[in-house]
Structure formats: structure tokens, C-alpha cells
Trainee: 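Handing you this structure, nothing more for now.
Here is the naming used below: chain letters follow the sequence lines, and residue numbers restart at 1 for every chain.
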Amino acid sequence: MRKGVMAVAMFWLAGSAAAVENIELLARTCNNCHGLDGVSVGATMPSIGGLPRAYLSKIMKEWKYDKRSAATMNRIVKGFSDDEIDALAAYFAGKRWQPVPQKSNVVARGRALITENCEDCHGITGGDPDIDAPRLNGQWAEYMALELEKYRDEDFVMPHRKMKKAGRQLKPDDLQPVTGYFGAQNK
Amino acid sequence: MHRFDRRAFIKTLAVSSASILTVSNARAAASKARVVVVGGGYGGATAAKYLRVLDPGIEVTLIERETLYTSCPLSNEVISGERDIRTLQVGYKGLLKRGVKVVHDEVTSIDPARKTVATAGGKSFGYDALVLSPGVDFNYGAVAGLTRELSDSRLPHAWKAGPQTLLLKQQLAAMPDGGVFIIAVPKGPFRCPPGPYERAAQVAMHCKQHGKNKAKVLILDANDSFSKKPLFEQAWKELYGYGQGGMIEWVPGANDGKVERVDPASLTCYTGFGEYKGDVVNIIPPHQAGKVAKDLGLATFKNLWCEVRPENMESTSQKDVFVIGDACVGGELATNNGFPKSAHMAISQAKAVVAALVARFNGLPAPVPVYTNTCYSVVGHDWGFSVVHLYRVENGQWVYIKAGSGISPVTLGTPPRPVPRLYRRLEAKYADGWLRNVLADAYA
């Protein structure tokens with residue numbers, strides 16, 4: 001198991017030009033689930049193009065080192081070296097964030113809940129987040145609701161104290177309005 | 001409800017990709033190379049699209065018989081009534097918009113010396129590189145009594161999604177309580193390793209939902225094990241009953257599970273020593289590389305599957321001809337973890353060919369590909385699981401990377417405790433998101 005990862009690490013020492021070229025190839029395999037340029041067409045798979053580099057790198061490493069539970073991603077990233085993870089994070093962070101606004105009919109209630117629970121770190125539209133927070137404007141609402149379920153579930157290991165707190169403060173029928181509001185936002 | 005949000009989706013199409021391996025070509029009139037792609041399934045469509053995305057200077061012709069593609073992945077949900085087949089269907093407008101010349105025709109012959117492809121419609125296409133993604137062809141004769149005509153009517157295999165999927169759905173809907181749904185699985189390797197077992201779960205789900213609690217799902221298997229086995233058995237047990245007295249029963253090859261003959265009139269399946277009468281009989285015939293590849297003599301692996309080079313999927317028998325998707329084999333890996341025949345693999349392989357060809361036609365060094373697979377199975381409401389595979393290429397050989405591969409957890413921790421339901425729910429949901437994205441990745 002270790003050997004495969006070590007052999008891969010050797011690849012990346014072969015020169016930065018080759019490394020960039022090869023990260024394209026690896027990144028393209030991510031398109032299968034996350035879309036070309038990291039723009040997902042929905043609804044449970046997130047768009048990842050244009051998310052912060054530090055955020056993407058952190059999450060992938062948390063999955064890799066079992067600090068954060070995942071249903072599928074943790075297996076995948078365990079096959080990548082830390083350098084590849086950093087390169088993938090840089091690659092997708094360099095793409096343009098493309099909101100895909102989805103209609104929501106609980107906009108008013110969502111906005112009120114967000115003001116109280118989410119605005120401080122994510123901004124009211126989710127488009128103006130703090131430096132380590134991901135953009136949420138026009139992200140897929142269903143994906144975001146599933147993420148909140150993870151933060152709320154005792155059995156699902158999630159490392160982010162603030163997200164767990166905020167996620168658990170919400171009531172079960174707050175999830176749709178909150179994620180619906182962010183998902184309906186544009187640029 | 002699985003509703004595809006077209007409006008939102010169309011907005012995402014206004015995306016162009018710029019990268020180190022993207023080469024823009026101002027002089028669109030003179031093409032730098034011609035690539036012909038045969039087969040418009042997940043593999044062929046992805047190859048055609050990504051060639052155009054990465055280098056619009058390459059002329060791409062895709063030859064595909066049908067004008068509408070129906071995704072085989074997740075078609076088991078159509079059979080059970082959980083999914084509308086239209087959510088699995090896509091046309092070729094997206095590829096046309098990318099500048100792919102889509103030709104709805106059938107390939108009749110290939111001349112690898114002159115590098116031309118001839119079609120039933122009387123057309124001829126020259127190529128610098130040929131990508132074959134012909135899928136599989138079924139060996140009906142391997143099960144005595146089975147014919148192609150019967151598969152299109154009384155005994156649908158529904159192992160190529162489309163009309164047969166709907167036929168099988170109708171047959172299941174009409175099956176009475178106490179009825180027996182037989183699924184006959186061929187000896188591997190076959191298309192979609194977990195498919196028959198997901199189908200069993202979906203059929204059982206349908207039965208439970210429609211009060212057919214005395215129905216049985218009987219899997220007659222030529223094999224002695226199967227993909228994600230502990231996960232399927234766990235779910236079957238929990239959701240439908242498995243084994244003695246349960247709704248689902250599995251007969252492995254070692255227990256004489258292989259179906260040798262079928263009597264269409266009485267719907268009876270005959271194994272070596274056994275006789276099983278069904279109300280619905282779903283025989284998945286043994287299959288092999290699609291005709292187009294076989295006719296060219298490329299199926300050198302057991303005379304069934306096409307062998308290819310790890311670094312670029314080029315046929316080991318024919319230069320400048322590349323074989324991707326279910327028709328190829330990814331070598332006999334020491335750990336017996338050869339490429340699964342899946343849509344995700346086909347897309348992965350298509351991207352590897354594309355990277356190799358773009359580099360070749362632009363005088364760039366040949367890249368080293370990475371192959372990934374992610375395959376979801378949905379066995380119940382809010383119950384799904386997956387397998388992932390990661391392959392690298394080292395010293396011209398495929399290497400299966402165990403660290404980045406594996407199935408969803410069956411239990412968690414030591415001592416083992418049950419996996420929280422949220423995990424299963426997430427993967428059932430992710431299966432739908434995956435489907436939308438792979439369809440767009442290949443066709444949009």
C-alpha cells in the first residue's frame with residue numbers, strides 16, 4: 001500500500017512542468033463526478049471549481065488522514081500523495097466559481113436563519129465568505145443539505161467545531177430553507 | 001422524483017476549458033488530424049468531446065447507430081419503477097455543439113492498412129487515429145434455447161439499456177405475489193460487476209412496495225463470488241430477507257448455479273442438475289467485445305476481449321487503433337484486480353486516449369495516465385454503497401493502487417459496529433448526482 005504512494009511521490013519530483021501536465025490528467029478524472037472545470041450539474045455532487053485552495057487542500061487531507069468522515073471521497077484521496085492533493089487544490093481553486101442558481105420557495109425564512117447562523121462566516125449570499133470558508137452562492141442545495149446532515153450526525157466524524165455548532169443549532173426543517181436560499185443565489 | 005433541472009444545466013454549458021494541454025487553433029479550416037470514434041456510449045462520447053475540448057484543431061467524427069443513448073448505470077431503478085427512463089437518456093446535440101461530426105450509421109468494415117472506416121450507409125471515413133468503444137455483444141448461443149429474438153421479447157436481458165429495460169419493467173409489474181424472478185448471471189468478467197445484484201435488490205424493493213411479500217428473487221450465478229458481496233448480503237438481509245426463507249436467494253456456480261439451458265415456453269432454467277421455473281426470467285447472456293473490434297481481430301484475450309497498452313489504450317494488435325470501454329481488458333493484474341467494465345472506467349479510459357492523442361498530434365511528450373473508477377449501487381430507499389478503483393501506470397504496466405481503492409465500509413471500527421444509516425443514505429444520494437455528472441461529462 002505505502003509502496004504505491006511512494007512511487008507516485010517520485011513522479012512529481014520529475015520537474016514542475018511534467019507535474020503540472022500530469023495534474024491536468026488527474027484533475028480530469030475528477031470531472032466525472034464534479035464536472036468540467038469543477039462545475040457540477042447537480043444535485044448532490046458539489047461544484048468545486050473556484051473554491052479556496054486552502055479549503056480544498058485541508059478537506060482532502062482530513063479525509064486522507066481519517067480526521068473527517070466521508071462516504072466515498074476518503075477512499076479516493078488515500079491514493080493521492082499530499083503533493084498531488086495540493087496540486088489538485090490549486091488547479092480547481094484556479095477555476096472560475098460558477099453559481100448555478102436553483103429556485104427556492106422558502107427564501108424569506110432561509111434568509112432569516114442565515115442571518116442568525118451563517119452570515120458571519122459565509123456572508124448573506126454565501127458569495128463573500130471568510131478566507132477559509134467555501135463559497136455557497138449557487139452551490140447545489142441538495143449537496144449542502146447533505147453536508148449539514150453530516151455536521152449534525154453524532155456518528156459522522158467532522159472536525160469543524162463552528163460548523164458542527166451552527167449545524168446542530170438548526171432544526172430539521174431549517175435545512176431546506178437555509179440551503180435553498182444559498183442555492184438560489186447568483187454571483 | 002428524479003427531475004433534471006434543464007435550465008440550470010444549460011447555464012453550465014457556457015464554460016470553456018483552458019489548460020496547459022488545451023491547444024487553441026485559430027486556423028479552424030485546416031485540421032491537424034482526423035480521429036474517428038466508433039460507438040457513442042459513455043466511452044466514445046467522452047473521447048469525442050474531450051478531443052474537441054482540448055484541441056479544436058482535431059477533426060472528430062463519431063459514428064453511432066442510435067440517436068438517443070440510454071444509460072445502463074442506474075437502469076435497474078427503471079425496472080423497479082423507482083426512476084423514469086428519461087432521466088437516463090441523452091442525445092447527441094451537445095457533441096454537435098462541440099464540433100463533433102456525429103454520423104448516425106453503422107460501421108460495416110475497417111481497413112487498418114488504408115486507415116478507413118466504411119459504413120452501412122455507404123460512407124467512408126479516413127482517420128489518423130481510430131478509437132473503438134463498441135461495448136459488448138451477447139453470445140446468445142452460450143445458453144441453449146436463448147436467441148436474440150427472445151431477448152427482445154420474452155426473455156429480455158436488459159443488459160443494454162433501452163427497450164429491453166422497459167420490457168423487463170413491465171414483466172416485473174405484471175408478476176403476481178408469490179412469483180419468482182430469476183436472474184441468471186454469466187461467468188465473469190462481464191459488464192457492470194455489481195449490476196445483477198443491484199437488480200436483485202431493486203426487484204425485491206418493488207415487490208415489497210407492491211405487497212408482493214411472498215415473491216422470490218433467485219440469482220442463478222455462474223460465479224462463486226461477486227462485487228461488493230458483503231455489502232449486498234448485509235443490505236439484502238436487512239431490507240428484504242436473504243437466504244433461507246428470505247426474499248432473495250443466491251446460488252453460486254459451485255452449487256450448480258450456472259444456467260446451461262432455458263425453455264422459453266415454460267420459463268424454466270436448467271443448470272447442470274437443477275431445474276428452476278420462474279415467472280420472470282432474466283438471463284444475462286455471456287458477452288464479449290463488440291463486433292466491430294472482434295471483426296478486426298483485436299479480441300486477443302481469450303478470444304473475447306481486446307488487449308490494450310496501459311499508457312494510451314492502443315490495441316496491442318493494431319497500431320493507431322485504440323479500444324476503450326467494456327470491450328477492452330486492463331490486463332491480468334497480479335492481484336486479480338483487472339479493470340471493471342463500468343461507465344466510469346470507460347470515461348477514464350477515454351480521457352487517457354484523448355491525452356495521448358492530443359500530445360501526439362501536437363508534438364508534446366506522451367503523458368502518463370491515471371485511471372479511476374467509482375461505481376455506485378442503490379439497493380433501497382436511502383441505501384447505497386460504492387466501490388472505487390485507482391490505477392497508475394508504472395514501467396508500462398498497470399498498477400492497482402490499493403490505498404485509493406476499495407468498497408464502502410461494511411462495519412466501522414474495532415470491535416466492529418454497524419455503519420450509521422447516514423453513510424448509506426449519502427451514497428444513495430450521491431449515485432444520482434454521479435449519474436447527472438457523468439452524463440454531462442460525456443455528452444454535454
Trainee: Under a 3.5 Å cutoff, is there a donor and acceptor pairing between the side chains of A:T125 and A:Y181?
Mentor: no
Trainee: Counting only heavy atoms not in A:D173, do more than 12 sit closer than 6.0 Å to its CG atom?
Mentor: yes
Trainee: Tell me, out of B:L422, B:L390, B:T372, who's got the most heavy-atom pairs with chain A below 4.5 Å.
Mentor: B:L422
Trainee: With a 4.5 angstrom heavy-atom cut-off, which part of A:A27 approaches chain B: side chain, backbone, both or neither?
Mentor: neither
Trainee: Hey, are B:E311 and B:R392 close enough for a salt bridge, meaning a charged N less than 4.0 Å from a carboxylate O?
Mentor: no
Trainee: If only side-chain N and O atoms count, and only distance matters, is there a donor-acceptor pair under 3.5 Å linking A:T44 with A:E142?
Mentor: no
Trainee: I'd like to know which of A:N31, A:V77, A:I76, A:L146 tops the heavy-atom pair count under 4.5 Å against chain B.
Mentor: A:N31
Trainee: Could you check whether A:R75 and B:S408, counting side-chain N and O atoms only, form a donor-acceptor pair closer than 3.5 Å?
Mentor: yes
Trainee: Any residues in residues 153-171 of chain A near chain B, with a heavy-atom distance under 4.5 Å, and which are they?
Mentor: A:D153, A:D155, A:F156
Trainee: Given a strict heavy-atom distance threshold of 4.5 Å, which part of B:T374 is in contact with chain A: side chain, backbone, both, or neither?
Mentor: side chain
Trainee: Give a yes-or-no answer on whether the side chains of A:W97 and A:N137 include a donor-acceptor pair shorter than 3.5 Å.
Mentor: yes
Trainee: Examine whether an atom of B:R424 lies under 4.5 Å from a heavy atom of chain A, and if so say whether it belongs to the side chain, the backbone or both; otherwise answer neither.
Mentor: neither
Trainee: Ignoring hydrogens and angles, state whether a donor on the side chain of A:N32 or B:H344 is under 3.5 Å from an acceptor on the partner side chain.
Mentor: yes
Trainee: Any side-chain donor-acceptor pair under 3.5 Å between A:S40 and B:N437?
Mentor: yes
Trainee: State whether a side-chain donor-acceptor pair under 3.5 Å links B:S71 with B:Q89.
Mentor: no
Trainee: Under a 4.5 Å heavy-atom cut-off, does chain A meet the side chain of B:V354, its backbone, both or neither?
Mentor: neither
Trainee: Taking the basic N atoms (NZ, or NE/NH1/NH2) and the acidic carboxylate oxygens, is any pair closer than 4.0 Å for A:E147 and A:K150?
Mentor: yes
Trainee: Counting heavy-atom pairs under 4.5 Å to chain A, which of B:Y371, B:F385, B:Y50 comes out on top?
Mentor: B:Y50
Trainee: Out of B:L435, B:I407, B:I347, return the one with the most heavy atom pairs under 4.5 angstrom to chain A.
Mentor: B:I407
